[in-house]
Amino acid sequence: MILDDERLRQSVTKRTRAVRTAVLRWSQQNLRDFPWRRQSDPYRVFLAEVSLRRTTARAAMRAYDLLTTRYPDFEAAARATEEELRECFVSVGLQNARARLLHLAAVKVVEEMGGRLPPDMNALLSLPGVGLYAAGAILSLGFGVRAAMVDSNAVRLYSRLWMDVLPANPSPELMQAIGEHLVPEREHQVYNLAVIDLGALVCRFGRPRCSSCVLTHKCDYFSQGH
DNA sequence: CTCCTGCCTC
DNA sequence: GAGGCAGGAG
Ligand code: SF4
């Protein structure tokens, strides 16, 4: 495993239960509500992740609403031209890359997977535009299979929680390993969403709002008096 | 490193 | 005005 630094592994293990509990408790009153969180259809989760890539949730909604209306399933998305798909993304950016990858993925799902996403990590990772984060989201939110969703919010949150024991520039693989260690078997969907919302609302970029954070008792960054 | 637009925070 | 936002491919 990548988590081979003994001091870090011990620290993560020691705080896992408390972090899970605090995150899940916080989620009961603070989870944000978005259109893509109201359905667990794997295709819709997939569309949401394409729309949310390097894009704030508010903006991603514009693309997501257009996509779900115009292309209700993979067959519809595969039939569309790349230029038609591009229209859904012009207001949120990265339109060329998103349209190209979405179309390639839709064609592959239709031609090689019977028009449906499989609940299999390696199969999902074989799709154009689907990396560890998107595959984790599809597995956890779409299929109810335990998987970590390690996005920039999770990385920022975990980096601060374990600031004292983490290397100066932690690799993506290391942060992924920490995320996979922390995500619980029970309620992994809620946990994944709550970590993202904590990063977006409390442990934000720049100055985190530690005064309203439920993790201060397990946080290196807070303990150092920032 | 680029792709990328619009909005928010600093 | 600069930097960053539910990343991933080439
Ligand atoms: S205490 Fe502050 S730095 Fe630590 S997780 Fe909470 S918001 Fe982030």
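Per chain, numbering begins at 1; letters A, B, ... match sequence-line order.
- Note on A:Gly131: only backbone sugar-phosphate atoms sit closer than 4.0 angstrom, heavy atoms only; bases stay farther off.
- Here the nucleotide nearest the side chain of A:Leu101, chosen from C:dA9, C:dG7, C:dG3, is C:dA9.
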Evaluate A:Tyr43 against A:Thr68 for side-chain contact (heavy atoms from CB on, under 4.5 Å), listing each step before the verdict. CA-CA 9 Å; A:Tyr43 172 64; A:Thr68 52; over 6 Å; no
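- You'll find that the side chain of A:Gln95 is closest to B:dC4, out of B:dC4, C:dG8, B:dC10.
- The side-chain contact (heavy atoms from CB on, under 4.5 Å) test with A:Asp197 is passed by exactly one of A:Leu31, A:Asn192, A:Val202: A:Leu31.
- A heavy-atom distance below 4.0 Å to DNA chain B is reached by none of the residues of residues 26-51 of chain A.
- At least one side-chain nitrogen or oxygen of A:Arg100 sits closer than 4.0 Å to the OP1 or OP2 atom of C:dG10.
- When only modelled atom types and interatomic distance are considered, A:Arg20 and A:Thr16 share no side-chain donor-acceptor pair under 3.5 Å.
- For A:Asn153, no side-chain nitrogen or oxygen approaches OP1 or OP2 of C:dC5 to under 4.0 Å.
- Counting heavy atoms from C-beta outward, A:Arg79 and A:Glu75 have side chains that approach closer than 4.5 Å.
- Aromatic ring centres of A:Phe46 and A:Phe74: separated by under 6.0 Å.
- Atom P of B:dC4 sits at a distance of 24 Å from the matching atom of C:dG1, rounded to the whole Å.
- The nearest heavy atom of DNA chain C to A:Val130 and to A:Arg156 marks one nucleotide each, and the one closer to the 5' end goes with A:Arg156.
- A salt bridge is defined here as a Lys NZ or Arg NE, NH1 or NH2 lying under 4.0 Å from an Asp or Glu carboxylate O, and A:Arg7 with A:Asp164 fails to meet this definition.
- Between A:Arg70 and A:Glu84, no side-chain nitrogen of the basic residue sits less than 4.0 Å from a carboxylate oxygen of the acidic one, so the salt-bridge criterion is not met.
- A heavy-atom distance below 4.5 Å is found between the side chains of A:Arg44 and A:Tyr64.
- Side-chain atoms of A:Tyr133 lie closest to C:dG7 of the nucleotides C:dG7, C:dA9, B:dT9.
- Phosphate contact (OP1/OP2 of C:dG4, side-chain N/O of A:Thr56, threshold under 4.0 Å): absent.
- Here A:Ala97 lies in heavy-atom contact (under 4.0 Å) with sugar-phosphate atoms only.
- Taking only side-chain nitrogens and oxygens, A:Arg58 never comes nearer than 4.0 Å to OP1 or OP2 of B:dC7.
- Contact annotation: A:Arg62 side-chain N/O to B:dG6 OP1/OP2 distance is not under 4.0 Å.
- Spacing between atom CG of A:Leu198 and atom P of C:dC5 amounts to 16 Å, rounded to whole angstrom units.
- For the pair A:Arg53 and B:dC3, the criterion of a side-chain N or O lying under 4.0 Å from OP1 or OP2 is not met.
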If a pair means Watson-Crick or G-U wobble with both distances below 3.5 Å, what does DNA chain C look like in dot-bracket form, with | marking bases paired to a different strand? |||||..|||
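- Taking 4.5 Å as the limit, every side-chain heavy atom of A:Leu215 sits out of range of all side-chain heavy atoms of A:Trp26.
- The residue A:Arg207 sits apart from the nucleic acid: no heavy atom pair falls under 4.0 Å.
- Distances were taken from every side-chain heavy atom of A:Ala134 (C-beta onward) to each of C:dG8, C:dC5, B:dT9; the shortest belongs to C:dG8.
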